S.K.: 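Below is the structure I would like to discuss, written out as structure tokens.
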Amino acid sequence: LGIPGDNTYANFQEANRTFWRQTVVPLAERIAKGLGGWLAPMFAGRAAEMTLKVDLAGVTALASEREALWSRIGAADFLSLNEKRSAAGFPPVIGGDDVPGGRADAMS
């Protein structure tokens, strides 16, 4: 799997997750970046708006990481909807900057 050192994994799931994170995802991101650079001249004038991103939502090996992220974000009641969306990698929405229950900005 290309895991440095003499680490041993107690279960297949951890080794599989590590394989995806350390091998497959970086390779897929490099391919997406290369394709984006290759396609950019075909979209002259809009190249700055175009980005290819790897969608990891369907990777079952990473499902537990997504569930943990959503649990942490959902439990953070001090964050606005747009802050939560940003933490999850989503764009902001209109009206999403209000924190439920209000927030004292004087704390900063």
Side-chain angles (χ1 to χ4, degrees):
L1 294 176
I3 302 169
D6 46 312
N7 298 332
T8 58
Y9 289 92
N11 59 45
F12 172 76
Q13 291 174 337
E14 183 64 28
N16 195 23
R17 193 170 30 256
T18 300
F19 173 69
W20 273 91
R21 280 287 169 214
Q22 292 185 355
T23 305
V24 177
V25 172
L27 182 59
E29 288 174 345
R30 280 184 31 204
I31 291 170
K33 184 177 179 182
L35 279 173
W38 179 71
L39 290 170
M42 295 178 208
F43 296 92
R46 294 185 311 209
E49 301 170 14
M50 187 183 80
T51 349
L52 294 178
K53 293 186 179 183
V54 178
D55 183 10
L56 301 174
V59 179
T60 55
L62 303 177
S64 62
E65 289 181 5
R66 279 191 306 278
E67 290 172 13
L69 174 66
W70 284 110
S71 294
R72 288 192 310 269
I73 290 173
D77 57 356
F78 57 89
L79 295 176
S80 70
L81 175 61
N82 281 340
E83 289 170 330
K84 290 179 180 184
R85 289 179 61 84
S86 176
F90 293 104
V93 294
I94 296 172
D97 291 324
D98 296 330
V99 176
R103 170 172 61 188
D105 288 329
M107 292 173 52
S108 52

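Just so you know, these numbers use all the heavy atoms, side chains as well, and skip hydrogens, waters and symmetry mates. Computed from a predicted model, the values in this text were never measured in an experiment.
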S.K.: Flag yes if more than 12 heavy atoms outside E65 fall under 6.0 Å of its CD atom; otherwise flag no.
M.R.: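 Enclosed: over 12 neighbouring heavy atoms sit under 6.0 Å from CD of E65.
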
S.K.: If you count every heavy atom of other residues, nucleotides or ligands that lies below 6.0 Å from R30 atom CZ, does the total exceed 12?
M.R.: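 No - once you tally the heavy atoms of other residues, nucleotides and ligands closer than 6.0 Å, there are 12 at most.
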
S.K.: Looking at every heavy atom in both W20 and P26, which two are closest together, and how far apart are they?
M.R.: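 Smallest interatomic distance, heavy atoms only, reads O-CD, 4.1 Å.
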
S.K.: Which value, rounded to the nearest 0.5 Å, describes the distance between R21 atom CZ and L56 atom CG?
M.R.: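 One gets 6.0 Å once the value is rounded to the nearest 0.5 Å.
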
S.K.: Run V54 and V25 through side chain to side chain contact (heavy atoms under 4.5 Å, CB included) and show every step you take.
M.R.: CA-CA 8 Å; V54 178; V25 172; 5.7 Å; no

S.K.: Out of curiosity, L81 CG to I94 CD1, how far, rounded to the nearest 0.5 Å?
M.R.: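 So the gap between those two atoms works out to 12.0 Å.
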
S.K.: Considering non-hydrogen atoms only, spot the tightest contact between L52 and L35 and give its length.
M.R.: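 Of all heavy-atom pairs spanning L52 and L35, the closest is CD1-CB, 3.6 Å.
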
S.K.: Check whether I31 and L39 end up in the same hydrophobic cluster, where Ile, Leu, Val, Met, Phe, Trp and Tyr are linked by side-chain heavy atoms less than 4.5 Å apart.
M.R.: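 Same cluster: I31 reaches L39 through Ile, Leu, Val, Met, Phe, Trp or Tyr contacts under 4.5 Å.
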
S.K.: Could you tell me which non-hydrogen atom of L69 sits nearest to which non-hydrogen atom of A88, and how far apart they are?
M.R.: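 Shortest heavy-atom contact: CD2-CA, 4.4 Å.
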
S.K.: Going hydrophobic residue to hydrophobic residue with side-chain gaps under 4.5 angstrom, can you get from I73 over to L62?
M.R.: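 In one cluster: no.
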
S.K.: Indicate yes or no for a side-chain donor-acceptor contact from S71 to the backbone of E67 under 3.5 Å, with no hydrogens or angles considered.
M.R.: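 It does hold such a pair.
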
